[in-house]
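Inspection log for the structure reproduced underneath, given as structure tokens.
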2 protein chains.
Amino acid sequence: MENERVPVELDPTLALSLLGHAEFGRIAFVADGVPTIRPLNHVVLDGRIIVFTRHTSALGRAVRHHAELQVAYQADEIEPHSRLGWSVLVTGIAVDISHDRHGGQLGLQVESWMKYPLDMVIAIDPQEVTGRRLTVAN
Amino acid sequence: MENERVPVELDPTLALSLLGHAEFGRIAFVADGVPTIRPLNHVVLDGRIIVFTRHTSALGRAVRHHAELQVAYQADEIEPHSRLGWSVLVTGIAVDISHDRHGGQLGLQVESWMKYPLDMVIAIDPQEVTGRRLTVAN
């Protein structure tokens with residue numbers, strides 16, 4: 001029998017905490033006028049999402065071309081069988097912090113799955129954090 | 001010991017086929033000038049990605065306001081332990097096909113995990129399909 005899944009809104013603090021426990025997410029941004037998505041590893045530090053990329057990547061280029069780039073960052077953990085879990089969405093501003101004090105150290109805290117040489121640390125300052133848990137209706 | 005993961009580019013036909021076997025993905029689009037992401041269920045039919053939503057959702061509203069809305073659609077299947085798998089990205093145009101011949105039937109082929117009443121069928125016509133498999137370097 002199919003469960004009745006219902007979404008329950010999450011408190012922004014809890015939503016950001018769930019995001020912090022996820023290993024990767026997806027960033028959406030506009031590149032050359034067209035929205036695009038890239039999967040990325042991240043860490044959440046002091047309320048900011050830190051990602052580590054290359055300055056030649058699509059994201060790196062977009063951030064270099066816009067001092068304050070509007071982005072969305074999303075992660076979810078959905079258990080495939082029950083299809084229950086959570087989804088978190090952050091909208092915010094992405095800024096290059098590669099050359100900030102501690103910027104390089106922050107980048108090294110991101111556990112990258114890729115073996116590319118990474119050289120650009122980006123922080124996303126959240127403007128809005130929303131989250132939903134998919135749960136089963138009583 | 002940590003594996004060396006390397007990305008291998010996938011042929012667009014294979015990439016779309018992998019997407020067709022996934023149950024859900026994420027759509028990115030610009031709503032009120034800000035990029036956003038929404039998780040969605042989908043089916044791939046005749047080379048188009050079909051999603052089923054509500055006309056009052058953020059996506060529904062964006063498609064109603066733009067006859068041809070630029071979107072990105074992304075799905076991935078990453079095995080959490082090995083972190084190997086694939087990721088596919090489609091950029092294309094989203095159009096409302098709710099009132100097209102067979103539009104309603106196409107919507108019903110999308111297995112929605114939500115029990116919302118859905119009333120808007122959207123087709124994404126791919127302009128570009130790219131995919132990468134994360135594999136282990138020899």
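The sequence lines fix the lettering, A, B, ..., with proteins before strands; numbering per chain opens at 1.
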*Determine which residues belonging to residues 45-69 of chain A lie within contact range of chain B, meaning some heavy atom pair is under 4.5 Å apart, and list them by number or answer 'none'.*
none
If you group Ile, Leu, Val, Met, Phe, Trp and Tyr by side-chain heavy-atom gaps below 4.5 Å, do [X] and [Y] land in one group?
{"X": "A/Val44", "Y": "A/Val90", "answer": "yes"}
{"X": "A/Leu40", "Y": "A/Leu16", "answer": "yes"}
{"X": "B/Tyr73", "Y": "B/Met120", "answer": "yes"}
{"X": "B/Val121", "Y": "B/Val110", "answer": "yes"}
{"X": "B/Leu19", "Y": "B/Val129", "answer": "yes"}

*Over all atoms of both residues, closest heavy-atom pair of B/Ser87 and A/Pro39*: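 Closest approach of B/Ser87 to A/Pro39: OG-CG, 3.4 Å.
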_Least distance between heavy atoms, A/Ala28 atom then B/Ile37 atom_ = CB-CG1, 3.4 Å
*Which one, B/Thr91, B/Val30, B/Ile78, leads in non-hydrogen pairs under 4.5 Å with chain A?*
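Going by pairs under 4.5 Å, I would pick B/Ile78.
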_Best-contacting candidate, A/Arg38, A/Gln70, A/Gln74, A/Glu23, against chain B by heavy atom pairs under 4.5 angstrom_ = A/Gln74
*Under 4.5 Å from any heavy atom of chain B - which part of A/Leu89*: side chain
*Is there a side-chain contact between B/Asp76 and A/Phe24 (heavy atoms, below 4.5 Å)?*
yes
*asked:* Only heavy atoms, only distances under 4.5 angstrom. Which residues in residues 97-104 of chain B are near chain A?
replied: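 Heavy-atom contacts from residues 97-104 of chain B to chain A are absent.
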